[in-house]
Amino acid sequence: MTRSLFGEHADMAFPARALVFALPGGLRAGQPVYLRVASVGGTPMPVSIQPLHAVHRQDLEHVAWRVMVLTAMGVLAVLALGFWVGLGERSYGFLALTLLSQALFLSLAGGELRSIEILGHALGDDPRMARVAGMLAVIASNTFLGFYLELSRKRPLLKRVLRTCNALLGVLLLASLFSTDTVIPRVGNVVLLVATLTVLLASVLGTLRNERQAFFLLLPWLPMMLLTAGRVGELLGWWVGPPWLVHAFPLGFALAGLVLTVGLADKMQQLRRDRDRPSRQAAQ
């Protein structure tokens, strides 16, 4: 039997959280079973033998978490688009683009698009597409966060670091379209860590200077940074993460999007108060 997460050997009876093999009937205790694993990029793949009902129960839990996270991100993206159209504030447009690209990455990497026939053959069967979507998500996120924290005006050095990260990711994105070399995702993960630490530093500096938008970013970004570092370390083969990390990593995207939506609303309210204050003073 041959199994893969994507492509012609994918087993659509199970979600893409794991490769599932049915053991042959009549297998005796102590009888050997041969398993050959071709791991892309050196990602560790733990092996376990479980009853079929336990596999199905874990599959249901996995699907429930994924549906909740992707639905939440979709709703937040629609709200951000609505605010962008209604208010004309570019920050909401950047946030919507970030959420949509992150949702695309999660649905490609998690295999949710495999079951959609039109998108499955075009995107879901090629593992490179998840890599491309992931880099697009990071570029969109860096652009939004730099705009949200006003780094061009307040911290131009950190803004240049994020621009450099985006330029490197753009080169890696183009390389991913023509190559499956495992060096590409490894370098991309390192760039992701640099960008994450840069945003964390910017949010900490802003919070220390009583900048409200930096405080709203620091709330979700600190746990998100820890989850990102843990997930990247697992993908690079440095360690084997706990089972809950698979669910916590995408959940961090949704929580970050929720907090940033609230933060943008607070920023817009503050701008409105600053705009209306001179009018009230003039009227008095």
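Just so it is clear, the structure is predicted and the values come from calculations on it, not from any experiment.
Using bins of under 30°, 30° to 60° and over 60° for the plane-to-plane angle, the ring pair F14/H56 lands in the parallel bin.
Enclosure of atom CD1 in I49 is not indicated, since only 12 or fewer non-hydrogen atoms of other residues, nucleotides or ligands lie within 6.0 angstrom. For R3, the CZ atom is densely surrounded, since the number of other residues' heavy atoms within 6.0 Å is greater than 12.
In terms of heavy-atom proximity, L151 sits nearest to A202 at CD2-CB, 3.8 Å. What you find for A77 and A96 is that their closest heavy atoms are O-CB, 3.8 Å. When all heavy atoms of L95 and F144 are compared, the closest pair comes out as N-CD1, 3.6 Å. Closest approach of V55 to R17, counting heavy atoms only: O-NH2, 3.4 Å. Residue T98 comes nearest to A140 through the heavy atom pair OG1-O, 3.1 Å, listed as atom of the first residue, atom of the second, then distance. Across all non-hydrogen atoms, the minimal contact from M135 to I184 is CE-CG2, 3.8 Å.
With values rounded to the nearest 0.5 angstrom, L172 atom CG is found 11.0 Å from L177 atom CG. The OG1 atom of T198 lies 12.0 Å from the NZ atom of K159; values are rounded to the nearest 0.5 Å. To the nearest 0.5 Å, atoms OG1 (T196) and CG (L201) are separated by 12.5 Å. Between the CZ atom in R36 and the OG1 atom in T2 there is a gap of 9.5 Å [rounded to 0.5 Å]. Atom NE2 of H62 and atom CZ of R57 lie 15.0 Å apart (nearest 0.5 Å). Atom CG of L100 and atom CG of L76 lie 10.5 Å apart (nearest 0.5 Å).
Counting only heavy atoms from C-beta outward, the side chains of K154 and R209 never approach each other to under 4.5 Å. S152 has its side chain within reach of R163: a pair of non-hydrogen atoms, C-beta onward, lies under 4.5 Å apart.
Using a 4.0 Å cut-off between charged nitrogen and carboxylate oxygen, R155 and E211 count as a salt-bridge pair.
Among L169, N166, N142, the single residue meeting the side chain to side chain contact (heavy atoms under 4.5 Å, CB included) criterion with V191 is L169.
Both V187 and F178 are part of a single hydrophobic cluster, where members link through side-chain heavy atoms under 4.5 Å apart. The hydrophobic clustering, which links ILVMFWY residues whose side-chain heavy atoms are closer than 4.5 Å, places L174 and V138 together. V132 and L97 are members of different hydrophobic clusters when ILVMFWY side chains are connected at heavy-atom separations under 4.5 Å. Linking Ile, Leu, Val, Met, Phe, Trp and Tyr residues whenever their side-chain heavy atoms come within less than 4.5 Å places L19 and V47 in a single cluster. No path of Ile, Leu, Val, Met, Phe, Trp and Tyr side chains, each step under 4.5 Å between heavy atoms, connects L145 with V161, placing them in separate hydrophobic clusters.
Applying the side-chain contact (heavy atoms from CB on, under 4.5 Å) criterion to V75, with sequence neighbours excluded, gives T71, L79.
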For this session: Just do the side-chain contact (heavy atoms from CB on, under 4.5 Å) check on V33 and F21 with the steps written out, would you?
Result: CA-CA 11 Å; V33 175; F21 298 86; over 6 Å; no

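In this structure, T207 contributes its side chain and S203 its backbone to a donor-acceptor pair below 3.5 Å. R66 places a side-chain N or O within 3.5 Å of a backbone atom of L106 that can act as its donor or acceptor partner.
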